[in-house]
Amino acid sequence: MTALDNESRTDPAVPLLQTRPIRTRVAPSPTGDPHVGTAYVALVNYIFAKQNGGTFLLRIEDTDRARSTLESEAAILTALRWLGLTWDEGPDIGGAHGPYRQSDRTAIYARYADELLERGHAFRCFCSPERLAAMREAQRLAKQPPRYDGHCLKLDRVEIDALVAEGVPSVVRMKVPDFGVCVVDDLRRGPIEFEWHAVDMQVLVKSDGMPTYHLANVVDDHLMEITHVFRGEEWVSSAPKHLLLYSYFGWEAPKLMHLPLLRNPDKSKLSKRKNPTSILFYARMGYLPEALLNFLGLLLVSSSEGSEVMSLDELTKRFDIANISLGGPVFDVPKLDWLNGRYLRELAPDALFERVRDWGFDRARLVKILELAHARIERLSDLGELTAFFFAGRLPITKERLLDVKLPPADVRKALALAMWGLDAERVFDRSVVERVLKSIGETLSAKFRDVARLFYVAITGSPTSVPLFEAMELLGRDIVRERLRVALEQVGPPPSAAEQKSWRGAAAPEELAT
RNA sequence: GGCGCCAUAGUCUAUCGGUUAGGACGCUGCCCUUUCAAGGCGGAGAGACGGGUUCAACUCCCGUUGGCGCUACCA
């Protein structure tokens with residue numbers, strides 16, 4: 001199967017000749033845990049590149065200076081490598097089209113933004129956030145499509161220079177036609193039409209000088225010679241802007257294909273409030289990378305009959321763009337469980353031993369666990385019960401056990417929520433961070449720490465008495481801890497409402513984003 | 001509110017105008033078995049609704065409904 005075949009399938013009248021070597025990419029934003037959605041998107045791009053003898057690369061989209069972290073970037077690399085989705089070019093290994101981290105490419109974007117400015121395809125905008133908010137509100141009330149009203153388009157050269165000299169902050173916006181339609185040709189969906197007058201004049205360069213996703217993405221995909229982009233459905237509505245930028249620059253746009261978004265069991269977009277979404281969680285939980293990959297692959301390649309157990313190679317052989325279904329698939333953990341069981345059972349005892357050791361019984365970890373248990377055992381056989389929670393995923397916790405503490409039930413809920421949010425907000429996850437976060441919860445609730453601690457002992461270790469908590473949490477790791485807190489919270493009541501979130505933490509919960 | 005995407009069992013899907021609508025997970029019955037799993041063999045369970053087009057519609061078209069996404073100086 002070649003790219004040519006795939007294209008003729010969606011548009012038989014105009015078979016485009018694929019002249020450039022196939023190059024695909026995954027371009028995650030390092031703003032949180034490596035998301036399974038990122039793995040899903042990476043998988044398609046990887047498979048498509050390999051199937052066509054092409055190149056698959058990894059690019060880090062860290063233009064959001066406030067939210068991007070090096071920790072997150074490292075975790076993404078680790079997670080994708082764990083899955084076996086290796087890239088041919090990337091920030092860690094370099095390549096002929098580097099650098100592969102957008103924050104290292106700011107000079108490049110500035111140059112292209114200037115070019116658009118000079119050629120009249122973009123303009124400087126000095127509007128305040130307040131004015132923009134008021135404008136959008138008015139448009140909503142008037143049932144108009146939300147769109148920049150062109151206020152700063154009327155500024156002349158002299159006025160612009162004066163404002164810049166005054167030091168008034170500004171952004172660069174792209175110009176968008178007022179009439180006509182834009183046709184986005186999706187590899188799988190076919191043509192999608194958008195009225196230009198409903199497409200916003202997107203900001204391309206923020207007031208801090210950093211490009212937005214839209215500019216950086218287009219410039220990089222061009223410079224990195226990307227030929228095919230498989231990305232999440234959330235990008236469909238910004239495709240017209242991207243296509244317009246390609247035409248402003250006079251560049252050939254890559255072929256686009258938008259993938260449906262992974263869903264929670266209730267069909268909402270997969271989110272960590274309702275489900276574990278981190279690849280690292282699935283690793284810590286004891287899923288095998290090949291099982292997770294196979295599971296995600298089943299959403300791209302379907303077998304009409306027979307076994308659904310497929311290796312990456314087999315998925316690659318059978319992949320066909322025309323067969324990707326477009327309904328948003330539920331991330332069905334029970335099916336993943338079954339698949340993982342299949343893989344586990346096929347392992348020879350020795351191989352299984354190695355997997356188990358690598359998963360949670362390596363010497364270094366075991367020694368740390370023994371240190372914690374050491375003073376608390378009288379017989380070696382006490383170890384089993386005392387340390388079992390280190391080798392478990394979710395714990396069979398009951399509401400009664402969780403509420404059996406010297407805290408009012410409402411505070412139990414609040415404490416668990418605060419712990420989840422507080423720990424998520426931390427870049428590093430170690431005993432001292434855990435201690436600081438948990439103790440601050442005690443202060444917030446004006447409760448004795450020992451009473452707060454008891455609750456977390458139950459939620460995390462399954463018992464009000466166990467080995468030292470902070471160290472245990474560090475060894476358990478962020479992902480298992482988050483899941484145990486989430487499950488505990490679920491036990492004691494409904495998820496925190498928007499109002500509760502606001503009053504408890506003073507802001508809305510940031511939701512993680514997939515690529 | 002605006003724009004867009006999507007729609008076969010609880011879930012993932014096959015079907016690309018004519019099928020008893022096929023498979024997988026889950027559920028369930030039986031077999032195997034010292035228990036439980038695993039495994040084998042069965043079972044229940046689906047085309048959202050309403051209009052067209054057609055000899056014929058799950059399949060094509062339109063509408064409705066529902067789900068989802070975007071609507072940021074986040075990606």
Side-chain angles (χ1 to χ4, degrees), chain A residues 9 27-32 35 38 60-68 102 125 127-129 132-133 136-148 169-173 184 186 188-190 192-200 202-217 231-241 258-270 295-309 322-339 341-342 344-345 510-515:
Chain A
R9 202 175 294 268
S29 180
T31 53
H35 198 279
T38 303
I60 296 295
E61 307 225 327
D62 59 347
T63 52
D64 183 345
R65 285 205 290 211
R67 298 198 307 144
S68 298
Q102 292 186 328
C125 172
C127 293
S128 67
L132 294 171
R136 289 187 192 110
E137 183 55 26
Q139 287 165 338
R140 178 185 283 264
L141 255 38
K143 303 192 176 192
Q144 293 294 308
R147 192 196 200 217
Y148 182 68
S170 67
V171 300
V172 175
R173 281 180 191 279
V184 175
D186 186 280
R188 176 65 231 279
R189 293 163 209 255
I192 305 171
E193 293 191 1
F194 294 85
E195 299 277 349
W196 278 123
H197 72 78
V199 175
D200 201 4
Q202 186 63 49
V203 170
L204 299 177
V205 181
K206 309 177 220 177
S207 56
D208 67 358
M210 290 293 271
T212 57
Y213 168 86
H214 306 281
L215 208 218
N217 181 268
R231 46 155 44 161
E233 194 177 5
E234 66 221 281
W235 296 110
V236 171
S237 51
S238 31
K241 298 165 193 169
H258 296 90
L259 297 153
L261 262 19
L262 267 24
R263 310 288 181 89
N264 293 311
D266 67 3
K267 294 280 189 177
S268 58
K269 171 170 145 179
L270 192 65
F295 175 73
L296 292 171
L298 249 19
L299 307 178
L300 300 164
V301 177
S302 50
S303 61
S304 54
E305 202 108 338
S307 175
E308 293 188 317
V309 181
N323 287 340
I324 299 178
S325 50
L326 298 175
V330 169
F331 191 89
D332 189 35
V333 177
K335 182 136 186 185
L336 207 210
D337 289 340
W338 166 79
L339 247 189
R342 288 285 306 254
L344 246 18
R345 271 173 250 127
E511 193 61 294
E512 78 287 356
L513 298 148
T515 306

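What you see is a predicted model; the values in this text were computed from it and never measured. Quick note: numbers below take in every heavy atom, side chains included, and nothing from hydrogens, waters or symmetry partners. So you know, we letter chains A, B, ... as the sequences are listed, proteins then strands, and number each from 1.
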| Among B:C68, B:A75, B:A14, which is the nearest nucleotide to the side chain of A:S29? | B:A75
| NZ on A:K241 to CG on A:L204, rounded to 0.5 Å | 10.0 Å
| Are A:R173 and A:Q202 close enough, and set up right, to give a side-chain contact (heavy atoms from CB on, under 4.5 Å), and what steps lead you there? | CA-CA 6 Å; A:R173 281 180 191 279; A:Q202 186 63 49; over 6 Å; no
| field | P atoms of B:G23 and B:C31, separation to the nearest Å | value | 24 Å
| remark: Across all chains, not counting sequence neighbours, the salt bridge (Lys or Arg N to Asp or Glu O under 4.0 Å) partners of A:D332 are none
| task | List for me each residue that meets salt bridge (Lys or Arg N to Asp or Glu O under 4.0 Å) alongside A:D337, sequence neighbours excluded, and say none if there are none. | result | none
| remark: A:L270 atom CG is separated from B:C12 atom P, nearest whole Å, by 13 Å
| For B:G50, which nucleotide is its Watson-Crick or G-U wobble mate, given both distances must be under 3.5 Å? | B:C62
| field | Assigned partner base of B:C41, Watson-Crick or wobble definition, under 3.5 Å | value | B:G29
| Of all the choices, B:A75, B:U13, B:C68, which nucleotide is nearest to the side chain of A:S268 once you look at every atom? | B:C68
| request: Choose from B:G2, B:C73, B:G69 the nucleotide whose nearest atom is closest to any side-chain atom of A:E234. | output: B:G69
| said: Under 4.0 Å, heavy atoms only, any strand: does A:T63 hit a base, just the sugar-phosphate, or nothing? | reply: sugar-phosphate
| said: Could you tell me how far B:U8 sits from B:A48 if I compare only their C1' atoms? Round to whole Å. | reply: 11 Å
| message | So A:S302, base contact, sugar-phosphate only, or nothing? Heavy-atom distance under 4.0 Å. | response | sugar-phosphate
| remark: Separation of B:U11 atom P from A:L262 atom CG, nearest Å, is 15 Å
| task | Provide, to the nearest angstrom, the distance between the NZ atom belonging to A:K267 and the P atom belonging to B:G10. | result | 11 Å
| Heavy atoms under 4.0 Å, any strand shown: does A:P146 hit a base, just sugar-phosphate, or nothing? | base
| remark: Applying side chain to side chain donor-acceptor pair (under 3.5 Å) to A:S68 and not counting sequence neighbours gives none
| field | Residue matched to B:A21 through Watson-Crick or wobble contacts both under 3.5 angstrom | value | none
| said: For the P atoms, the ones on B:C5 and on B:C62, what distance do you get once it is rounded to whole angstrom? | reply: 11 Å
| query | Of all the nucleotides listed (B:G69, B:C73, B:A14), which has the minimum atom distance to the side chain of A:S325? | reply | B:A14
| message | Counting only side-chain heavy atoms from C-beta out, which of B:G67, B:C70, B:C73 sits nearest to A:K269? | response | B:C70
| field | Rounded distance (nearest 0.5 Å) linking atom NZ of A:K269 with atom CD of A:E234 | value | 5.0 Å
| Nearest-Å distance once atom C1' is located in both B:G39 and B:A46 | 28 Å
| If you check the A:V330 side chain, which of B:C73, B:U11, B:G69 turns out closest? | B:U11
| query | Would A:L259 and A:L299 satisfy side-chain contact (heavy atoms from CB on, under 4.5 Å), going step by step from the backbone distance to the final call? | reply | CA-CA 10 Å; A:L259 297 153; A:L299 307 178; over 6 Å; no
| remark: Residues passing the side-chain contact (heavy atoms from CB on, under 4.5 Å) test with A:Q102, sequence neighbours excluded, are A:R59, A:E61, A:D62, A:T63, A:Y109, A:A216, A:D220
| Any strand: nucleotide that pairs with B:C36 via Watson-Crick or wobble, under 3.5 Å | none
| request: Using both distances under 3.5 Å as the test, list the Watson-Crick or G-U wobble partner of B:C68, or none. | output: B:G4
| message | Counting the atoms with a prime plus P, OP1 and OP2 as sugar-phosphate, which does A:V203 contact under 4.0 Å by heavy atoms, base, sugar-phosphate, or nothing? | response | sugar-phosphate
Pairwise N/O distances under 3.5 Å, protein to nucleotides 22-28 of chain B:
| from | atom 1 | to | atom 2 | distance (Å) |
| --- | --- | --- | --- | --- |
| B:G22 | O2' | A:E305 | OE1 | 3.0 |
| B:G22 | N2 | A:S304 | O | 3.4 |
| B:G23 | O2' | A:G306 | N | 3.4 |
| B:G23 | N2 | A:E308 | OE2 | 3.3 |
| B:A24 | O2' | A:E308 | OE1 | 2.6 |
| B:A24 | O2' | A:K335 | NZ | 3.3 |
| B:A24 | N3 | A:K335 | NZ | 3.2 |

| field | A:D64, nearest nucleotide to its side chain (from B:A38, B:A75, B:C73) | value | B:A75
| Partner set under ring-ring contact (aromatic ring centres under 6.0 Å, His included) for A:Y213, not counting sequence neighbours | A:W235, A:H242
| request: Using the P atom as the reference point in each nucleotide, state the distance between B:G67 and B:C12 in Å, no decimals. | output: 16 Å
| query | Could you give the distance from CZ (A:R188) to NE2 (A:H258), rounded to the nearest 0.5 Å? | reply | 14.0 Å
| task | Give a yes/no on whether any side-chain N or O of A:T212 is located under 4.0 angstrom from OP1 or OP2 of B:C73. | result | no
| request: Write down the distance separating the P atoms in B:U11 and B:G47, rounded off to the nearest Å. | output: 13 Å
| said: Using atom C1' in both nucleotides, what's the gap between B:G50 and B:U19 to the nearest angstrom? | reply: 26 Å
| query | CG of A:N323 versus P of B:C12: gap in Å, rounded? | reply | 17 Å
| request: Check every atom of B:U11, B:C73, B:A75 against the side chain of A:S207 and return the nucleotide holding the closest atom. | output: B:C73
| query | What residues, two or more places apart in sequence or in another chain, satisfy salt bridge (Lys or Arg N to Asp or Glu O under 4.0 Å) together with A:R140? | reply | none
Listing time: all N or O pairs from protein to nucleotides 4-9 of chain B that are below 3.5 Å?
| from | atom 1 | to | atom 2 | distance (Å) |
| --- | --- | --- | --- | --- |
| B:C5 | O3' | A:R189 | NH1 | 3.3 |
| B:C5 | O2' | A:R189 | NH1 | 2.0 |
| B:C5 | O2' | A:E233 | OE2 | 2.9 |

| query | What is the nucleic acid contact for A:R173, judged by heavy atoms within less than 4.0 Å: base, sugar-phosphate only, or nothing? | reply | sugar-phosphate
| message | Whole angstroms only, please: what is the CG-C1' distance between A:L132 and B:A72? | response | 10 Å
| Any side-chain N or O of A:K241 less than 4.0 Å from the OP1 or OP2 oxygen of B:U71? | no
| query | Counting only Watson-Crick or G-U wobble pairs whose two distances fall under 3.5 Å, which nucleotide matches B:A14? | reply | none
| request: Looking at every strand, decide which applies to A:R140 at a 4.0 Å heavy-atom threshold: base, sugar-phosphate, or nothing. | output: base
| query | Can you find a pair of side-chain heavy atoms, one from A:R189 and one from A:E233, that are under 4.5 Å apart? | reply | yes
| query | Hey, is the side chain of A:R136 poking within less than 4.0 Å of OP1 or OP2 on B:A72, counting only N and O atoms? | reply | yes
| Set of residues satisfying salt bridge (Lys or Arg N to Asp or Glu O under 4.0 Å) with respect to A:R263, sequence neighbours excluded | none
| message | With rounding to the closest Å, how many angstrom separate the C1' atoms on B:A44 and B:C25? | response | 16 Å
| task | Establish, with yes or no, whether the OP1 or OP2 oxygen of B:G39 is under 4.0 angstrom from a side-chain nitrogen or oxygen of A:R345. | result | yes
| task | Describe the nucleic acid contact of A:R147 in one word from base, sugar-phosphate, nothing, applying a heavy-atom distance below 4.0 Å. | result | nothing
| How would you label the contact of A:L339 with the nucleic acid (heavy atoms, under 4.0 Å): base, sugar-phosphate, or nothing? | nothing
